Amino acid sequence: MQDHHSHKHKHKDKDREKSKDKSRDKHKDKHKDKHRDKDKHKEKSKEKERKHDKEERKQGKEDRKQSKEDKKLDKEEKKKGKEKHKAEKASYVEVKNEPLSEDDDIPLATRSFSQTSQDSEDDDQPLAFRKKIKTEAKAEKPVKRKAEDMTSDNEDDYAASNKKNKKIKEEKKAKAGKKPAAVNGASPTKRVKKEKKEEEETWKWWEEEKHEDGVKWKSLEHKGPVFATDYEPLPGNVKFLYSGKEMKLAAAAEEVGSFYAAMLEHDYVTKDVFNKNFFKDWRKFMTHSEKEIITDLKKCDFTHMLTYFKAKSEEKKNRTKEEKQQLKAENEETVKEYGWCIIDGHKQRIGNFKIEPPGLFRGRGDHPKMGMVKRRVMPEDVIINCSKGTAPKPPAGHKWKEVRHDNTVTWLASWTENVQGQVKYIMLNSASRLKGEKDWQKYEIARQLKDSVEKIRETYKEDWKSKEMKIRQRSVALYFIDKLALRAGNEKDEDQADTVGACSLRVEHISLHEQKNGKQCVVVFDFLGKDSIRYYNEVPVEKRVFKNLQIFMENKKPGDDLFDRLNTTIMNKHLNDLMEGLTAKVFRTFNASNTLQEQLDSLTDPKSTVTEKILAYNRANRAVAILCNHQRAVPKTFAKSMENLQKKIDAKRDAIEDAEKSYKDLKKEAKRTGSAASKIAAGKKEKQVEKLKEQLMKLEVQATDREENKEIALGTSKLNYLDPRISVAWCKKNGVPIEKIYNKTQRDKFQWAIDMAGPEFVF
DNA sequence: ATGGAGACTTAGCAGTCCGTGT
DNA sequence: ACACGGACTGCTAAGTCTCCAT
């Protein structure tokens with residue numbers, strides 16, 4: 001297990017200094033990267049290939065897009081394509097008859113693959129044509145309601161439908177059972193509620209009975225969301241110029257134009273896609289005559305607007321104390337009114353009670369939709385979810401789109417966003433029971449995996465030899481998920497940034513090296529994952545994995561799927577067969593938490609000081625962050641603050657030197673005179689030197705720590721992957737105050753763990 | 001099976017807050 | 001008192017996974 005994660009990302013993307021966007025772009029387009037200088041040559045041709053391939057991929061997209069226009073045709077096309085594909089692949093893809101034997105050294109190229117009758121054809125077909133184009137985000141989808149949503153206001157009806165819900169879910173989850181409960185005494189104790197008094201502050205929901213399966217609440221009451229403030233037209237002296245001439249825009253166009261103006265200095269506006277999308281959408285907000293005049297974004301001059309916004313924010317910064325206080329008070333007032341809900345009789349904080357304001361869509365990476373206008377959400381777009389008879393009032397003069405009472409979901413309000421057509425939700429804060437319980441359950445499943453992971457690993461290693469291609473691919477992908485903590489890798493639409501995970505890796509994302517840096521069978525991963533964050537890793541793998549990968553890559557183009565018979569549904573279905581509740585993401589949670597536990601166990605010296613222990617904790621945390629590839633942009637001020645720190649270190653060094661010198665003098669003096677006073681003075685100096693040295697050490701540690709941390713984000717793993725009970729137990733065992741590890745928000749979120757985990761807890 | 005919608009978790013960034021050293 | 005820089009918070013995009021209709 002240990003060696004499982006022994007690799008580390010030695011090569012970070014050094015381009016991440018400054019602007020991430022820039023560096024990402026570079027990635028995609030130029031394939032820069034210093035660490036690659038070595039095989040520059042190779043790289044170059046490869047690069048060409050990739051570019052070429054990218055084009056092909058694009059072409060493919062286009063084709064598909066087009067065919068979508070005529071669905072019938074499309075279907076036929078697909079069929080044809082599939083058959084063709086089948087025929088093409090059949091010649092090389094079948095391995096069933098020839099499992100790799102243990103000592104198989106025949107060059108792969110000379111292998112011949114034949115088909116046997118036992119393979120059901122369909123079983124072993126590539127899952128071709130996976131990509132789809134999402135139909136344009138529909139402006140208005142027909143409202144789909146759950147059958148059990150009540151349409152009447154009858155309370156019986158409510159109860160009845162509740163029951164129905166329960167029943168439905170129960171049937172489905174009958175086998176899923178209450179498993180988190182059983183493990184390691186961690187189950188919610190069935191203690192009865194106690195002391196109602198302080199309960200408002202701290203509701204120990206973890207000591208209560210859980211809801212029946214599928215039911216998320218019994219009662220839910222809230223005030224509805226807060227809408228973005230209305231648009232405030234610009235003062236008359238703030239001008240927009242077109243072709244150098246002043247032009248007064250109507251409110252609608254002015255508002256959208258100002259979104260752009262405010263971003264004028266952002267990297268986004270250097271991107272064609274962004275500008276194109278923005279301009280196209282902007283025109284939709286123009287009056288007829290505006291549209292006629294404004295035909296070229298390049299002729300637009302927003303600089304006055306930007307200056308105005310900057311001045312305004314400067315003004316904001318310079319507000320007096322009183323003004324600031326007043327504003328704070330006002331904000332607190334809205335939080336008080338809208339930031340809370342009452343759920344099952346308890347007041348709980350809402351996470352995001354404000355509706356997203358309009359603006360320009362800021363997709364990450366190479367997002368095809370960046371720059372599109374995200375329009376203003378009105379009450380008429382919003383669905384409210386709450387208990388019967390408690391619906392909040394819509395803002396004056398408005399109506400809700402719908403009010404429903406669905407207690408099988410956790411959201412309080414929702415709307416459909418126009419850019420991607422996704423549903424957005426207002427939900428509870430992470431300190432709430434609803435979120436906390438789920439979080440707890442997540443870690444319980446991860447702990448279950450700990451118990452069966454060895455078996456699972458044996459299984460997938462065995463499957464590397466399977467004669468069925470599908471199973472081999474599955475087992476290799478699972479190996480990546482487990483060993484490298486890769487994400488599952490769902491298929492993505494064409495109208496999203498091109499990023500991948502384990503199941504969606506393409507041939508172009510890995511390269512195989514029989515030998516690299518003295519290691520055998522090295523796989524180099526280089527792809528963009530979630531949020532277009534680059535994953536680069538050189539991993540020595542088992543020979544069998546290496547050979548399998550060679551087979552998977554045979555006769556494929558760079559843009560082809562590496563695992564052409566695999567997707568996340570197949571993977572998760574298999575995982576669920578191995579262990580109830582197991583999905584791909586559980587491996588990430590498990591490996592992260594497990595790593596933390598192991599690292600803490602090995603790095604913590606019980607005799608060391610609290611400071612040193614915290615350092616050890618951060619090291620452990622960092623190991624996890626690296627495993628999960630949690631990166632961040634190097635802070636803008638990093639270089640400068642590092643320089644300052646270095647200055648301090650130098651100053652300290654000088655101070656030590658001086659002190660040492662005077663210590664020597666004093667010692668000499670003491671020896672010479674033999675006076676008690678000078679001896680004492682010498683002794684004092686000695687202590688001072690020691691103290692200074694200690695300070696220097698601390699500074700140096702800090703410098704290393706900061707340097708090592710500059711492009712690693714610790715927060716994400718702390719918040720989402722590390723079982724808080726590990727940290728809590730560690731704190732309790734080592735006498736480290738929990739506040740040193742978790743700040744206030746984090747303590748709120750992990751209240752349950754802080755309360756229930758004793759020093760003896762082990763993940 | 002497949003695809004799409006829906007629900008919920010995970011993610012990095014940007015702006016603000018706040019403590020610290022000068 | 002003030003400037004600096006790191007910590008924290010809020011925001012919302014981007015994943016995962018389930019469910020349901022076809």
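Because the structure is a prediction, the values reported are computed rather than measured. Reminder, nothing fancy here: chain letters follow the sequence lines and each chain counts from 1.
As judged by a 4.0 angstrom heavy-atom cut-off over every strand, A:Ser414 is placed among residues making no nucleic acid contact. The residue A:Gly529 sits close only to the backbone: its heavy atoms come under 4.0 Å of sugar-phosphate atoms, none of a base. Within 4.0 Å (heavy atoms only), A:Gly489 reaches sugar-phosphate atoms of the nucleic acid but no base atom. Among the protein residues, A:Lys216 comes within range of the sugar-phosphate backbone only, with heavy atoms under 4.0 Å from sugar or phosphate atoms but none that close to a base. If you check every strand for non-hydrogen atoms under 4.0 Å, A:Lys530 touches a base.
A:Phe587 has its CZ atom 18 Å from the C1' atom of B:dT9, to the nearest Å. Going from atom CZ of A:Arg362 over to atom P of C:dA13 covers 10 Å, rounded to whole Å. Per the geometry, CZ belonging to A:Arg364 stands 6 Å off P belonging to C:dA14, to the nearest Å. Following rounding to the nearest Å, A:Glu265 (CD) and B:dG15 (C1') show an atom-to-atom distance of 16 Å. Residue A:Leu412 contributes atom CG, which lies 11 Å from atom P of B:dC8 at whole-angstrom precision. Between A:Ile426 atom CD1 and B:dC8 atom C1' the separation is 14 Å, expressed in whole Å. Following rounding to the nearest Å, A:Asn629 (CG) and B:dG12 (C1') show an atom-to-atom distance of 12 Å. Protein atom CG of A:Asn576 is 11 Å distant from nucleotide atom C1' of C:dT18, rounded to whole Å.
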Contact pattern, 5' to 3', of nucleotides 16-22 of chain B - B, S or - by protein heavy atom under 4.0 Å
-------
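Just one residue in the list A:Arg534, A:Lys492, A:Lys530 forms a side-chain contact (heavy atoms from CB on, under 4.5 Å) with A:Thr499, and that residue is A:Lys492.
Side-chain contact, A:Asn429 with A:Gln348: no donor N or O sits under 3.5 Å from an acceptor N or O.
The phosphate of B:dT9 (OP1 or OP2) has no side-chain N or O of A:Tyr721 nearer than 4.0 angstrom. For B:dC13, the OP1/OP2 oxygens have no side-chain nitrogen or oxygen of A:His266 closer than 4.0 Å. Considering only side-chain N and O atoms, A:Gln420 lies under 4.0 angstrom from the phosphate OP1 or OP2 of C:dA14. Remark: A:Thr499 is not in phosphate contact with C:dA14, judged by side-chain N or O atoms under 4.0 Å from OP1 or OP2. Regarding contacts with the backbone of C:dT16, a side-chain N or O of A:Asn490 is found under 4.0 angstrom from either OP1 or OP2. Residue A:Asn572 places at least one side-chain N or O under 4.0 Å from the OP1 or OP2 atom of C:dC17. Taking side-chain N and O atoms only, A:Arg487 has no distance below 4.0 Å to OP1 or OP2 of B:dT9. Applying the 4.0 Å criterion to OP1 and OP2 of B:dT10, one finds that A:Thr716 has every side-chain N and O outside that range.
Side-chain atoms of A:Lys438 and base atoms of B:dT9 include no donor and acceptor less than 3.5 Å apart.
A:Asn490 meets the side chain to side chain donor-acceptor pair (under 3.5 Å) test with A:Thr568; sequence neighbours excluded. A:Ser432 pairs by the side chain to side chain donor-acceptor pair (under 3.5 Å) definition with nothing, not counting sequence neighbours. Residues passing the salt bridge (charged side-chain N to carboxylate O under 4.0 Å, His left out) test with A:Glu315: none are found, sequence neighbours excluded. Qualifying side chain to side chain donor-acceptor pair (under 3.5 Å) partners for A:Gln326, counting only residues two or more places apart in sequence or in other chains: A:Glu330. For the ring-ring contact (aromatic ring centres under 6.0 Å, His included) test, residues two or more places apart in sequence or in another chain that qualify with A:Tyr260 are A:Phe278, A:Phe302.
Which of B:dT9, B:dA7, C:dA14 sits closest to the side chain of A:Val409 comes down to B:dA7. Minimum atom distance to the side chain of A:Arg588 is reached by B:dA11, of the listed B:dG12, B:dC13, B:dA11. The side chain of A:Lys585 sits closest to B:dT9 out of B:dA11, C:dA13, B:dT9. Listed nucleotides: C:dA13, C:dT18, B:dC13. Nearest to the side chain of A:Lys424: C:dA13.
For A:Phe353 and A:His222, the ring centers sit 6.0 Å or farther from each other. Two rings, from A:Tyr268 and A:Phe274, have their centers less than 6.0 Å apart.
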Only pairs under 3.5 Å count here: list side-chain donor-acceptor contacts from residues 742-749 of chain A, not counting sequence neighbours, and write none if there are none.
from: A:Tyr742; atom 1: OH; to: A:Ser727; atom 2: OG; distance (Å): 3.3
from: A:Asn743; atom 1: OD1; to: A:Thr745; atom 2: N; distance (Å): 3.1
from: A:Asn743; atom 1: OD1; to: A:Gln746; atom 2: N; distance (Å): 3.0
from: A:Lys744; atom 1: NZ; to: A:Asp748; atom 2: OD1; distance (Å): 2.9
from: A:Lys744; atom 1: NZ; to: A:Asp748; atom 2: OD2; distance (Å): 3.2
from: A:Arg747; atom 1: NH1; to: A:Tyr742; atom 2: O; distance (Å): 2.8
from: A:Lys749; atom 1: NZ; to: A:Leu719; atom 2: O; distance (Å): 2.9

Between the protein and nucleotides 2-8 of chain C, which nitrogen or oxygen pairs come in under 3.5 angstrom?
from: C:dG5; atom 1: OP1; to: A:Asn644; atom 2: ND2; distance (Å): 3.2
from: C:dG6; atom 1: OP1; to: A:Ser641; atom 2: OG; distance (Å): 2.6
from: C:dG6; atom 1: OP1; to: A:Arg706; atom 2: NH1; distance (Å): 3.1

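Comparing A:Phe361 and A:Ala584 against DNA chain C, the residue whose closest nucleotide sits nearer the 5' end is A:Phe361. Two residues, A:Tyr425 and A:His630, neighbour DNA chain B, and the one matched to the more 5' nucleotide by heavy-atom proximity is A:Tyr425.
Residues A:Asp366 and A:Asp498 form no side-chain contact, since every pair of their non-hydrogen atoms from C-beta on lies 4.5 Å or further apart.
Contacts classified as ring-ring contact (aromatic ring centres under 6.0 Å, His included) and involving residues 412-434 of chain A (residues at least two apart or in different chains) are given here: A:Trp411-A:Tyr425.
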